[in-house]
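This report refers to the structure that appears directly beneath it.
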Amino acid sequence: MAETADYEKSNFILAIINKDLEEGLNDGRIHTRFPPEPSGYLHIGHAKAILLNYSIARDYQGKFNLRFDDTNPIKEDQEFVDSILQDIKWLGADWEDRLFFTSDYFDTKYEFALRLIKAGRAYVCDLSPEEIRDYRGTLTEPGKDSPYRNRSVEENLDLFARMKNGEFPDGSRVLRAKIDMASGNLNMRDPVIYRILHASHHRTGDKWCIYPMYDFDHPFSDAIEGITHSLCSIEFSDNRLLYDWIVDNALELYPEAVKGRPRQYEFARLNITNTVMSKRKLRRLVEEGFVQGWDDPRMPTIAALRRRGVTSEAVADFCDRIGVARSASMVDMALLEHCIREDLNAKAHRVMGVLEPLKVIITNWPEGQVEWLEIENLPGDEDAGTHKAPFAQEIYIEQEDFMEDPPKKFHRLSPGKEVRLKGAYIIKCEEVIKDSTGKVVELRCTYDPETKSGEDNSGKKVKGVIHWVSVQHGLPATVRLYDNLFLNENPDDADEGQDFTDNINPESLLVLKDCIVEPALADCDPESRFQFMRKGYFFLDPKDSSKNNLVFNRIVGLRDSWAKKNK
RNA sequence: UGGGGUGUGGCCAAGCGGUAAGGCACGGGACUCUGACUCCCGGAUUCGCAGGUUCGAAUCCUGCCACCCCAGCCA
């Protein structure tokens, strides 16, 4: 679990909230929201936004809404609503009874549009999409007024009603806010606020053939719900001027519909090294088969993290530690891994699993004898109890724990040397058996009966302790080792003519099919995480694992200073 | 002379005029029946750069520089 920070959590948004509270804004109410569009899967960058909004509401005794921004039926689907709901629940952000859809307010929004028209602040424009773009001007040149800008209120009302009634084809007309075609802020150059879309909506069906645009819809929805602090990412900074324009107009023209004045604040979106976060890129990875799906454990999606075995507590701790600021940043993947290890170290029971087995025969062990040894579930935590592991004449150890010709400071097994088997005895390597190609296939060792774990009176001191599993009792398992999906810290750093997909790590997934795990894992809770001692943290794959076909995902490896030193 | 932002150690990030928090990463050491965990110790004379104001500046002012975002009838 996350430790409580020994310093005051501080960021610019909390500072704003504290100041607002001091000044008595919004009658002291704090109300946030998370507004996903149901058009894709959530990733860890969304988790940052969700947890930020949720924790602010929680910490200030405020409220947190979940509102789907479903204004574009062409891209949206119930399937995504379902997955998003599941992800947010998993993260622990509780919207209580405030699950909304922006489409719930389509009628109110239509009325608001009518009022804008009547106030002479919106007009129906017949320009084609290309013409609208041309009239908009460029970054450095002002735009020019649409020839339809000064239609009469009556004509606008009539045309807008006919748009709504489905009399015009898609793209033929739009409703625009009348603001300023010369504004330096492109969003203010008479933005489109309604477009014609003869598309069936996942919630409203065929009721509408005009749909509001985000810039019109979002601020108004915030105002309707009584949101006080509308947090979004930096790229919406330029939209804030329009956001305020809409809210001002709502307050003036439709006060009975709104519950206050929401303010928009922007913070930097999350980037993490060696992965990608944009919906477009994630979609390509899935559609072009670079990964096996949205929940492939190598993906940064919430679904993938969950499937991999990462806990929501670790994700929350991570989001807490990265902070909230406005500068573009790229957080080191090592921090996420650290948060995962810290969480799992405290709760994952220790078991033994041999990933790449090498058979060892204890020559002086009584044939057929089996001794059930006690293994602590969580060293240092007696309440976690123990479990039993069978020790017998034939065991497996890790191939890499034996070296015929070891380097200095190799604390494991080698010819004539001793090592302790975790929780069992000290053994000595007497003989190395090889196949015709010279590959080591078996070790003959002797054990010292005086060295039983916990009852060792031999006075022997060995540096190395290795894990093992009884051949006779071990359970076969498949283990999937995951590594960064991308070789580069920034996957977009690609050579001329290449793109991020050329930086994919060919070894991001390593499947080991001949692993052996201790029998205690036979009936384990599929929801629990384990530490395979000296190997890392593992989780039963929820999709592919079954009683007779154990499949473990490595959530994250252990820190390994030996491997690092020998790089 | 378009608009909006951002620049604090390798990566995040506090700081808001009183003399550089914290975390990750990294290096060194201790401990260890997980080369894990844990525990110590180490690091910015300096806050994009240059001037200025001040007894005193990362914090205020001026001017530069670098980088990010915006020209969907996407969100």
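Values reported hereafter were calculated over all heavy atoms of this structure, with side chains retained and with hydrogens, waters and symmetry mates removed. What you are looking at is a predicted structure, and each value in this text was computed from that prediction instead of being measured.
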Rounded to the Å, how far apart are [X] [atom1] and [N] [atom2]?
X      : N     : atom1 : atom2 : answer
A:H43  : B:A75 : NE2   : C1'   : 12 Å
A:M333 : B:C12 : CE    : P     : 14 Å
A:M188 : B:G4  : CE    : P     : 13 Å
A:E376 : B:C33 : CD    : P     : 12 Å
A:Y135 : B:A71 : OH    : C1'   : 17 Å
A:K460 : B:C33 : NZ    : P     : 16 Å
A:I340 : B:A25 : CD1   : P     : 12 Å
A:E266 : B:C68 : CD    : C1'   : 14 Å

Compare the minimum distances between each of [options] and the side chain of [X], then state the nucleotide with the smallest one.
X      : options             : value
A:S237 : B:G4, B:C26, B:A75  : B:G4
A:V465 : B:A36, B:U34, B:A75 : B:U34
A:A334 : B:U34, B:A25, B:G35 : B:A25
A:M213 : B:A13, B:C73, B:A36 : B:C73
A:R136 : B:C73, B:C24, B:A75 : B:C73
A:L139 : B:C73, B:C37, B:G2  : B:G2
A:T138 : B:A36, B:U34, B:A71 : B:A71
A:I132 : B:C73, B:C37, B:A14 : B:C73
A:K564 : B:A14, B:G27, B:C37 : B:G27

State, without any angle test, whether A:H467 and A:E398 hold a side-chain donor-acceptor pair at a distance under 3.5 Å.
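Short answer, yes.
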Taking only the [atom1] atom of each, what is the distance from [N] to [M] in whole angstrom?
N     : M     : atom1 : answer
B:C61 : B:C67 : P     : 25 Å
B:C24 : B:A36 : P     : 16 Å
B:C26 : B:A14 : P     : 24 Å
B:G10 : B:U6  : P     : 22 Å
B:G2  : B:C47 : P     : 31 Å
B:U53 : B:G63 : C1'   : 15 Å
B:A30 : B:C69 : P     : 49 Å
B:G43 : B:G23 : P     : 14 Å

Between [X] and [N], is there a contact of a side-chain N or O with OP1 or OP2 at under 4.0 Å?
X      : N     : result
A:S10  : B:G15 : yes
A:R321 : B:C12 : no
A:H338 : B:C24 : yes
A:R189 : B:G3  : no
A:R195 : B:A75 : yes
A:R534 : B:G35 : yes

Any strand: nucleotide that pairs with [N] via Watson-Crick or wobble, under 3.5 Å:
N     : value
B:G51 : B:C61
B:G42 : B:C26
B:C67 : B:G5

Would you classify [X] as touching base, sugar-phosphate or nothing, given that sugar-phosphate means primed atoms plus P, OP1 and OP2, and contacts are heavy atoms under 4.0 Å?
X      : result
A:F236 : base
A:K409 : base
A:K565 : nothing
A:R412 : base
A:V462 : nothing
A:G143 : nothing
A:D560 : nothing
A:R176 : nothing
A:G536 : nothing
A:P379 : base

If you find the nucleotide of RNA chain B closest to A:A15 and the one closest to A:D170, which residue's nucleotide is nearer the 5' end?
A:A15
5′-ward residue of the pair A:L127/A:K463 relative to RNA chain B
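The residue closer to the strand's 5' end, by nearest nucleotide, is A:K463.
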Chi class for B:G43: syn within 90° of 0, otherwise anti:
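With its glycosidic angle more than 90° from zero, B:G43 counts as anti.
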Less than 4.5 Å apart, side chain to side chain, heavy atoms only: is that true for [X] and [Y]?
X      : Y      : answer
A:L241 : A:N187 : no
A:D448 : A:K428 : no
A:I13  : A:L231 : yes
A:C429 : A:F402 : yes
A:Y41  : A:F80  : yes

Which word best sums up how the rings of A:F68 and A:F101 line up, parallel for under 30°, tilted for 30 to 60°, or perpendicular for over 60°?
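Because their plane-to-plane angle is under 30°, the rings of A:F68 and A:F101 count as parallel.
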Report the relative orientation of the aromatic rings in A:Y211 and A:F106; use parallel for angles under 30°, tilted for 30 to 60°, perpendicular for over 60°.
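It falls in the perpendicular class, over 60°.
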May I ask you to say whether A:K109 pairs ionically with A:D217, meaning some side-chain N is under 4.0 Å from a carboxylate O?
yes
Is there, by distance only and without an angle test, a donor paired with an acceptor across the side chain of A:D238 and the base of B:G3 below 3.5 Å?
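Between B:G3 and A:D238, which were checked side chain against base, a qualifying N/O pair under 3.5 Å is present.
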What string of B, S and - do you get for nucleotides 6-11 of chain B 5' to 3' if you count protein non-hydrogen atoms under 4.0 Å?
S----S
Got a second to check how far A:E131's CD is from A:S146's OG, nearest 0.5 Å?
9.0 Å
For B:G35, is there a stacking contact with A:H411, counting only centres under 5.5 Å and planes under 30°?
yes
Before giving the answer on side chain to side chain contact (heavy atoms under 4.5 Å, CB included), spell out for A:L373 and A:K452 the whole-Å C-alpha distance, their side-chain angles and the decisive distance to 0.1 Å.
CA-CA 9 Å; A:L373 299 159; A:K452 182 175 173 181; 3.7 Å; yes
Short question: side chain of A:D170, backbone of A:H198 - any donor-acceptor pair under 3.5 Å?
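Yes: the side chain of A:D170 pairs with the backbone of A:H198.
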